[in-house]
Colleague: 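For reference, the structure I am asking about is given below.
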Amino acid sequence: MVENFSEWFHDILEEANITDSRYPIKGMAIWMPYGFKIRKYMLEIIKELLDKDHDEVLFPLLVPEGELAKEGEHIKGFEEEVYWVTKGGVNDLNEKLALRPTSETAIYPMYSLWIRSHIDLPIKYYQVVNTFRYETKHTRPLIRVREITTFKEAHTAHATKEECAQQIEDFIEIYKEFLDSLAIPYLISKRPPWDTFPGADYTMAFDIIMPDGKTLQIGTIHNLGQSFAKTFDITFEDKDGEHKYVYQTCAGVSDRIVASIIGVHGDEKGLRLPPRVSPNQITIIPILFKKGKEEVMSKCMEIKAALEDAGLRVNIDDRDIRPGKKFYDWELKGTPLKLEIGPRDLENNITIAMRRDEGEKIELTLDDDLVDNVKDLLDKYYKNLKETAWSFQSEHVKFTEEINEIANIIEAGNIAAVNWCGDEECGKQIEEKTGYDVLGIYKDAEENAKCIVSGNDAKYVALIAKTY
């Protein structure tokens, strides 16, 4: 699948009824029913995690030009990507309005109104919204789009620098738990200064390796320090009566989570969905003949009810088509577990189970243990997806001390890990000499390690990659 991943990805979005990219605006697509359900269950997970200590809000789509322009470094990072509304009907607007590329400049003017005292802190809000960016590179559904239809962004404000730094660590743990629930592996790195979110002190990012060897950024966490607080005058009165600027963070994930589910777990037969987000966790396929048809369907309904009572999502495929076509369809759509029941199975008091990852037929008795046995198979399936995905990642991160080896490593579908002194000029030289991006700081370098460019003492191990 590595050789034709791009074609496979495009085809599976259509064949599995995930999105339709034929909408007549480039970079904008329609969520189809099956894909929308995957999206819905994905959002339920991240919302459940955030709702423990965050509150969900919803801000308007339009941002006044004056507010967007206040943070000069921030708007400079987006100025070529902003969509502008200049008319209301036939009348010119007094002030241009931006379709939000991201929401800092929409949210933070309100924070300056809401925050007055230390008792108002911390504020931890999040929202799930559409954002718009005039993407000039080659667009790709769910990966590089002009309308991000599923942008979860969290924005927090704190009284101290230490609380702000702790929030960054908290976000990292939330994202790890979120991605673990989807069996998605990840590389966590600190972005280099030239790739830090505009206006932030530093950026932490989660990346995955797709089957073609390119990395996909699927989550970002930004320590904003006090830069936006000073721009938007977000201050509070502390316990001693002194007025101080707040410290802020923001963090986001997007449609790319669904892209990563598809890319990381898929195979030549189609999707392999993690149980938490699969629209149907179990598909029951009745094998029907004229004789015994009613008895088989009755048993299928009984099993469906028992599994649903246990909190599982179940469907019965009773379409009037050949069983082989049903098996093909649900392999394509990635249902974790299929249960096949025909008249002979009913006589033997069994159902034939098949996990999407292994494809081996497993006999399960139709007794009181059926629900527990089905749950056990789903659990084993999830664990296998997770182990396979993490194994793929570990095999595709290759360390080298020779800058001339980087290109060969990356072109073979891997990420290169190198020693780096941390000097910005050296980092940019790596990019210039190799033609690939410095993804970020992955970890501290070992003692006595030397920078791959300068030969000076290395501070870090940096990741070099071909990116989407």
Colleague: With a 4.5 Å cut-off on side-chain heavy atoms, are Y108 and K70 touching?
Modeller: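 The answer is no, as the side chains (C-beta and beyond) never meet within the 4.5 Å cut-off.
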Colleague: Is there a donor-acceptor pair under 3.5 Å between the side chain of W390 and the backbone N or O of Q393?
Modeller: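 Not confirmed, W390 side chain does not pair with Q393 backbone.
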Colleague: Please examine the side chains of V453 and V418, heavy atoms only from C-beta on, and report whether any two atoms are closer than 4.5 Å.
Modeller: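 No; the side chains remain at least 4.5 Å from each other.
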Colleague: May I ask you to decide whether K124 forms a salt bridge with D55, counting only side-chain N to carboxylate O separations under 4.0 Å?
Modeller: no
Colleague: Run the salt-bridge test on K466 and E411 with the 4.0 Å N-O cut-off and return the result as yes or no.
Modeller: yes
Colleague: Less than 4.0 Å between a side-chain N and a carboxylate O, is that true for K269 and D267?
Modeller: no
Colleague: Report the C-alpha distance between D357 and Y381 in whole Å, list the side-chain angles of each, state the deciding distance to 0.1 Å, and finish with yes or no for side-chain hydrogen bond (donor to acceptor under 3.5 Å, both in side chains).
Modeller: CA-CA 7 Å; D357 57 332; Y381 164 78; over 6 Å; no
Colleague: Roughly how far, to the nearest 0.5 Å, is the CG atom of D329 from the OG1 atom of T283?
Modeller: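 If I round to the nearest 0.5 Å, the distance is 10.0 Å.
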Colleague: Got a second to check how far I188's CD1 is from F206's CZ, nearest 0.5 Å?
Modeller: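 Going from the CD1 atom of I188 to the CZ atom of F206 covers 3.5 Å.
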Colleague: Test V438 against I464 for side-chain contact (heavy atoms from CB on, under 4.5 Å), laying out the working first.
Modeller: CA-CA 5 Å; V438 174; I464 318 297; 3.8 Å; yes
Colleague: Can a donor-acceptor pair be found, under 3.5 Å and without considering hydrogens, that links the side chain of R272 to the backbone of V264?
Modeller: no
Colleague: Between V253 and G219, what is the shortest heavy-atom contact and its length?
Modeller: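 In this case the closest contact between V253 and G219 is CG1-CA, 4.0 Å.
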Colleague: Identify the residue among R144, R146, R140 that makes a salt bridge (charged side-chain N to carboxylate O under 4.0 Å, His left out) with E135.
Modeller: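 When R144, R146, R140 are each tested with E135, the salt bridge (charged side-chain N to carboxylate O under 4.0 Å, His left out) holds only for R144.
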Colleague: To the nearest 0.5 angstrom, please state how far the OG1 atom of T203 sits from the CG atom of D195.
Modeller: 7.5 Å
Colleague: Any Lys/Arg nitrogen of K375 or D379 sitting under 4.0 Å from an Asp/Glu carboxylate oxygen of the other?
Modeller: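 Salt bridge flag = no for D379 with K375.
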Colleague: Take a 6.0 Å sphere around NZ of K26 and say whether it holds more than 12 heavy atoms from other residues, nucleotides or ligands.
Modeller: yes
Colleague: Closest approach of R313 and R276, non-hydrogen atoms and distance?
Modeller: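 For R313 versus R276, the nearest heavy atoms are NH2-O, 3.1 Å.
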Colleague: Taking the side chain as every heavy atom from C-beta outward, state whether F236 and D120 have any pair of such atoms under 4.5 Å apart.
Modeller: no
Colleague: Please determine whether side-chain contact (heavy atoms from CB on, under 4.5 Å) holds for the pair T231 and T105, giving the CA-CA distance in whole Å, both sets of side-chain angles, and the decisive distance to 0.1 Å.
Modeller: CA-CA 10 Å; T231 298; T105 55; over 6 Å; no
Colleague: Run the numbers on K450 and D457 for salt bridge (Lys or Arg N to Asp or Glu O under 4.0 Å), then give the verdict.
Modeller: CA-CA 5 Å; K450 301 299 179 182; D457 289 343; 2.5 Å; yes
Colleague: Using only atom types and a distance under 3.5 Å, with no angle test, would you say the side chain of Y436 pairs donor to acceptor with the backbone of I406?
Modeller: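 No, the answer is negative, given that no donor and acceptor are paired below the 3.5 Å cut-off.
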Colleague: Tell me if a side-chain donor or acceptor on R133 pairs with a main-chain N or O of P101 at a distance below 3.5 Å.
Modeller: yes
Colleague: Taking atom CD of E446 as the centre, report whether more than 12 heavy atoms of other residues, nucleotides or ligands fall under 6.0 Å from it.
Modeller: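 12 or below, so no.
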Colleague: Within the structure provided, determine whether Y34 and L273 are in side-chain contact (heavy-atom separation under 4.5 Å).
Modeller: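 Side chain of Y34 against side chain of L273, heavy atoms only: contact under 4.5 Å found.
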Colleague: Take S391 and E395 through the test side-chain hydrogen bond (donor to acceptor under 3.5 Å, both in side chains) and record every step on the way to the result.
Modeller: CA-CA 6 Å; S391 176; E395 291 168 3; 3.1 Å; yes
Colleague: Look at the side chain of S112 and the backbone N and O of D233, then say whether any donor-acceptor pair between them is shorter than 3.5 Å.
Modeller: no
Colleague: Do L179 and I218 come within less than 4.5 Å of each other through their side chains, counting heavy atoms only?
Modeller: yes
Colleague: Any donor and acceptor pair, going by atom type alone, linking the side chain of T335 with main-chain N or O of E331 inside 3.5 Å?
Modeller: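 Side chain of T335 to backbone of E331: no pair is present.
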Colleague: Counting only N and O atoms by type, is there a donor-acceptor contact under 3.5 Å from the side chain of S278 to the main-chain atoms of P275?
Modeller: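 Judged by distance alone, no pair lies under 3.5 Å.
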Colleague: Per the salt bridge (charged side-chain N to carboxylate O under 4.0 Å, His left out) rule, which among K190, K214, R191 passes with D207?
Modeller: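 Option passing the salt bridge (charged side-chain N to carboxylate O under 4.0 Å, His left out) with D207: R191.
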Colleague: Considering only NZ, NE, NH1 and NH2 on the basic side and carboxylate oxygens on the acidic side, decide whether E173 and K176 come within less than 4.0 Å.
Modeller: yes
Colleague: Determine whether a donor-acceptor pair (N or O, by modelled atom type, separation under 3.5 Å) exists between the side chain of N223 and the backbone of G225.
Modeller: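 Confirmed, N223 side chain pairs with G225 backbone.
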Colleague: Could you give me the CA-CA distance, side-chain angles and deciding distance for F197 and E104, then say whether side-chain contact (heavy atoms from CB on, under 4.5 Å) is met?
Modeller: CA-CA 12 Å; F197 182 70; E104 285 73 18; 3.6 Å; yes
Colleague: With a distance cut-off below 6.0 Å to the six-membered ring centre and an angular limit of 45° from the axis, does K96 pair with W84 as a cation-pi contact?
Modeller: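 Yes - K96 lies over the ring of W84, closer than 6.0 Å to its centre and within 45° of its axis.
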Colleague: Taking side chain as C-beta onward, heavy atoms only, is Q217 less than 4.5 Å from T467?
Modeller: no
Colleague: Is it the case that the side chain of S103 and the backbone of A106 share a donor-acceptor pair, with hydrogens and angles ignored and the cut-off at 3.5 Å?
Modeller: no
Colleague: Could you pull out the closest heavy-atom pair between V145 and G27, with the gap in Å?
Modeller: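 Heavy atoms only, the tightest pair is CB-O, 3.4 Å.
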Colleague: Take the angle between the ring planes of W114 and Y111 and call it parallel below 30°, perpendicular above 60°, tilted in between.
Modeller: tilted
Colleague: Judged by atom type as modelled, is there a donor-acceptor pair below 3.5 Å linking the side chain of H265 to the main-chain atoms of L182?
Modeller: yes
Colleague: Can you check whether Q166 reaches E169 side chain to side chain, under 4.5 Å on heavy atoms?
Modeller: yes
Colleague: Go through L50 and K152 one step at a time and tell me if the side-chain contact (heavy atoms from CB on, under 4.5 Å) criterion holds.
Modeller: CA-CA 10 Å; L50 286 170; K152 187 288 303 172; 3.5 Å; yes
Colleague: For a quick test of reading the model, state the closest non-hydrogen atom pair linking P198 to F228 and the distance between them.
Modeller: O-CZ, 3.9 Å
Colleague: Could you measure the distance from the CD1 atom of I415 to the CG atom of L187? Nearest 0.5 Å is fine.
Modeller: 5.0 Å
Colleague: Can I get a per-line list of side-chain donor-acceptor pairs under 3.5 Å for residues 36-49, giving both atom names and the distance, sequence neighbours left out?
Modeller:
unit_1 : atom_1 : unit_2 : atom_2 : d
R39    : NE     : T150   : OG1    : 2.7
R39    : NH2    : T149   : O      : 3.2
K47    : NZ     : E56    : OE2    : 3.1

Colleague: Would you indicate whether Y186, at its atom OH, is surrounded by more than 12 heavy atoms from other residues, nucleotides or ligands within a distance under 6.0 Å?
Modeller: yes
Colleague: Nearest 0.5 Å please: distance from the CG atom of L224 over to the NE2 atom of H158.
Modeller: 9.5 Å
Colleague: Could you check whether atom CD of E14 has more than 12 heavy atoms from other residues, nucleotides or ligands sitting under 6.0 Å from it?
Modeller: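 No, CD of E14 has 12 or fewer neighbouring heavy atoms, counting only those of other groups under 6.0 Å.
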Colleague: Give a yes or no on this: more than 12 heavy atoms of other residues, nucleotides or ligands lie within 6.0 Å of atom CZ of F399.
Modeller: yes
Colleague: A154 and H54: which non-hydrogen atoms are nearest, and at how many Å?
Modeller: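 The pair with the smallest heavy-atom distance is CB-CD2, 4.3 Å.
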Colleague: Taking all non-hydrogen atoms of both residues, which atom of A183 and which atom of A389 are closest, and how far apart?
Modeller: O-CB, 3.6 Å
Colleague: Donor-acceptor pairs under 3.5 Å, side chain of residues 241-250 to any protein atom, not counting sequence neighbours: which ones?
Modeller:
unit_1 : atom_1 : unit_2 : atom_2 : d
K244   : NZ     : D238   : OD2    : 3.0
Q248   : OE1    : A229   : N      : 3.2
T249   : OG1    : T156   : OG1    : 2.5

Colleague: Any side-chain heavy atom of I184 within less than 4.5 Å of one from F178?
Modeller: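 No - every pair of side-chain heavy atoms lies 4.5 Å or more apart.
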Colleague: Supply the atom-to-atom distance T131 OG1 to I148 CD1, rounded to the nearest 0.5 angstrom.
Modeller: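 Going from the OG1 atom of T131 to the CD1 atom of I148 covers 3.5 Å.
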